[in-house]
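In what follows, a structure is listed as structure tokens, so that the remarks can point back to it.
Residues: numbered from 1 along the sequence shown.
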Amino acid sequence: GVEVGPQPQGVLRADILDKMRKIVKHGLDFVQLFNEGKEFPPCTIEVFKIMEKVDYPRNKNDEVIAIIHPKLQDQDWQPLSNGDPVFLTLDGEVIAYKGDCTVYPTFINEAAYYEKKQAFVKTVKMKLTAKHIRSSV
């Protein structure tokens, strides 16, 4: 599957549709070239590995007691370091990120994940290296 976003549920956006078409076209071009026997050189790409889902802070009755901090909102894939603001309580208290490494949050404050008790997902940046590939055809 291909997911290109962000895009609100039930909304069709031309820019997102165009990005999705380009990604699918590149994938199909690769398959065609691979099937024709083209050799692809080694490459390294940067990826984000999901590490943990983070819920909103809740009270003993399981009620949400904080919202995404304004400095984190709309900052998907941007570095989040120890001490950076993450949540803002309804009383105005800032809840900071406490971690031993920089993470890259994504799916921040996505409506589709609210009912799943997910405020955002923490990812870490990694590099993957692929050896050259070639079809045996």
Side-chain angles (χ1 to χ4, degrees):
V2 175
E3 181 177 342
V4 182
Q7 180 170 310
Q9 296 163 313
V11 175
L12 183 59
R13 289 182 39 175
D15 61 331
I16 301 298
L17 181 60
D18 184 55
K19 288 178 182 179
M20 189 260 322
R21 284 181 173 152
K22 286 178 181 173
I23 288 171
V24 170
K25 182 184 179 314
H26 286 305
L28 293 172
D29 289 346
F30 170 82
V31 170
Q32 181 178 348
L33 292 170
F34 180 80
N35 287 341
E36 291 172 354
K38 178 173 175 57
E39 183 170 345
F40 293 87
C43 66
T44 301
I45 62 168
E46 203 169 72
V47 298
F48 294 87
K49 179 180 179 182
I50 293 175
M51 300 304 291
E52 176 184 3
K53 295 177 183 178
V54 178
D55 190 10
Y56 295 89
R58 295 177 183 271
N59 63 18
K60 62 183 177 187
N61 297 323
D62 204 34
E63 299 166 323
V64 174
I65 60 168
I67 58 175
I68 296 293
H69 192 281
K71 290 186 178 179
L72 181 60
Q73 184 65 51
D74 301 320
Q75 296 301 307
D76 294 78
W77 313 112
Q78 299 303 310
L80 180 66
S81 301
N82 191 44
D84 289 344
V86 177
F87 295 106
L88 185 62
T89 69
L90 302 178
D91 295 331
E93 178 187 342
V94 173
I95 299 173
Y97 170 63
K98 295 178 183 166
D100 54 1
C101 69
T102 298
V103 295
Y104 298 81
T106 190
F107 305 117
I108 300 169
N109 206 22
E110 291 264 347
Y113 298 112
Y114 188 80
E115 66 187 29
K116 297 177 183 190
K117 297 184 175 185
Q118 179 180 309
F120 61 92
V121 173
K122 290 194 298 189
T123 70
V124 292
K125 193 185 295 190
M126 326 174 40
K127 289 188 178 186
L128 296 179
T129 302
K131 297 179 180 178
H132 78 281
I133 60 170
R134 181 181 198 162
S135 171
S136 59
V137 176

Check against side-chain contact (heavy atoms from CB on, under 4.5 Å), M20 and L17: CA-CA 5 Å; M20 189 260 322; L17 181 60; 3.4 Å; yes
query: When rounded to the nearest 0.5 angstrom, what is the spacing between NZ in K25 and CG in L28?
result: 8.5 Å
statement: Of all heavy-atom pairs linking D76 and I108, the shortest is OD2-N, 3.1 Å
- request: Starting at CD of Q118, measure out to CD of E115 and round the result to the nearest 0.5 Å.
  value: 11.0 Å
Non-neighbouring partners of F107 that pass ring-ring contact (aromatic ring centres under 6.0 Å, His included), sequence neighbours left out: Y113
Could you give the side-chain donor-acceptor pairs of residues 77-85 under 3.5 Å, partners two or more places apart or in another chain?
unit_1	atom_1	unit_2	atom_2	d
S81	OG	T102	OG1	3.3
N82	OD1	G99	N	3.1
D84	OD2	S81	N	2.7

- prompt: Is the shortest heavy-atom distance from the side chain of V86 to the side chain of H69 under 4.5 Å?
  reply: no
- request: Could you give me the CA-CA distance, side-chain angles and deciding distance for I68 and F87, then say whether side-chain contact (heavy atoms from CB on, under 4.5 Å) is met?
  value: CA-CA 5 Å; I68 296 293; F87 295 106; 3.8 Å; yes
Without placing hydrogens or testing angles, list every side-chain donor-acceptor pair under 3.5 Å for residues 50-57, not counting sequence neighbours.
unit_1	atom_1	unit_2	atom_2	d
E52	OE1	K122	NZ	2.9
D55	OD1	R58	NE	3.3
D55	OD1	R58	NH2	3.3
D55	OD2	R58	NE	2.7
Y56	OH	N109	OD1	2.7

- request: Go through the steps for K22 and D18 under the test salt bridge (Lys or Arg N to Asp or Glu O under 4.0 Å), then give the verdict.
  value: CA-CA 6 Å; K22 286 178 181 173; D18 184 55; 3.3 Å; yes
message: Taking the side chain as everything from C-beta on, heavy atoms only, tell me whether T44 gets closer than 4.5 Å to L128.
response: no
- request: Check the hydrophobic clustering (I, L, V, M, F, W, Y; side-chain heavy atoms under 4.5 Å; chains of links allowed) and say if V31 and F40 are grouped together.
  value: yes
Nearest non-hydrogen partners of V64 and A66, listed with the distance: CG1-O, 3.1 Å
message: Return the CD to NZ distance between Q32 and K38, rounded to the nearest 0.5 Å.
response: 12.0 Å
field: Verdict with supporting geometry, V47 and M126, side-chain contact (heavy atoms from CB on, under 4.5 Å)
entry: CA-CA 5 Å; V47 298; M126 326 174 40; 4.2 Å; yes
message: Whether the side chain of T89 engages the backbone of I65 through a donor-acceptor N/O pair (distance < 3.5 Å, no angle test) should be reported.
response: no
message: Less than 4.5 Å apart, side chain to side chain, heavy atoms only: is that true for Y97 and L72?
response: no
message: Would you say that more than 12 heavy atoms from the other residues, nucleotides or ligands in this model lie under 6.0 Å from the CD of E46, or not?
response: yes
task: Find out if a path of hydrophobic residues (ILVMFWY) with successive side-chain heavy-atom gaps under 4.5 Å connects V94 to L90.
output: yes
- prompt: Less than 4.5 Å apart, any side-chain heavy atom of T106 and any of V121?
  reply: yes
task: Can you establish whether the number of heavy atoms outside N61 located under 6.0 Å from its atom CG is more than 12?
output: yes
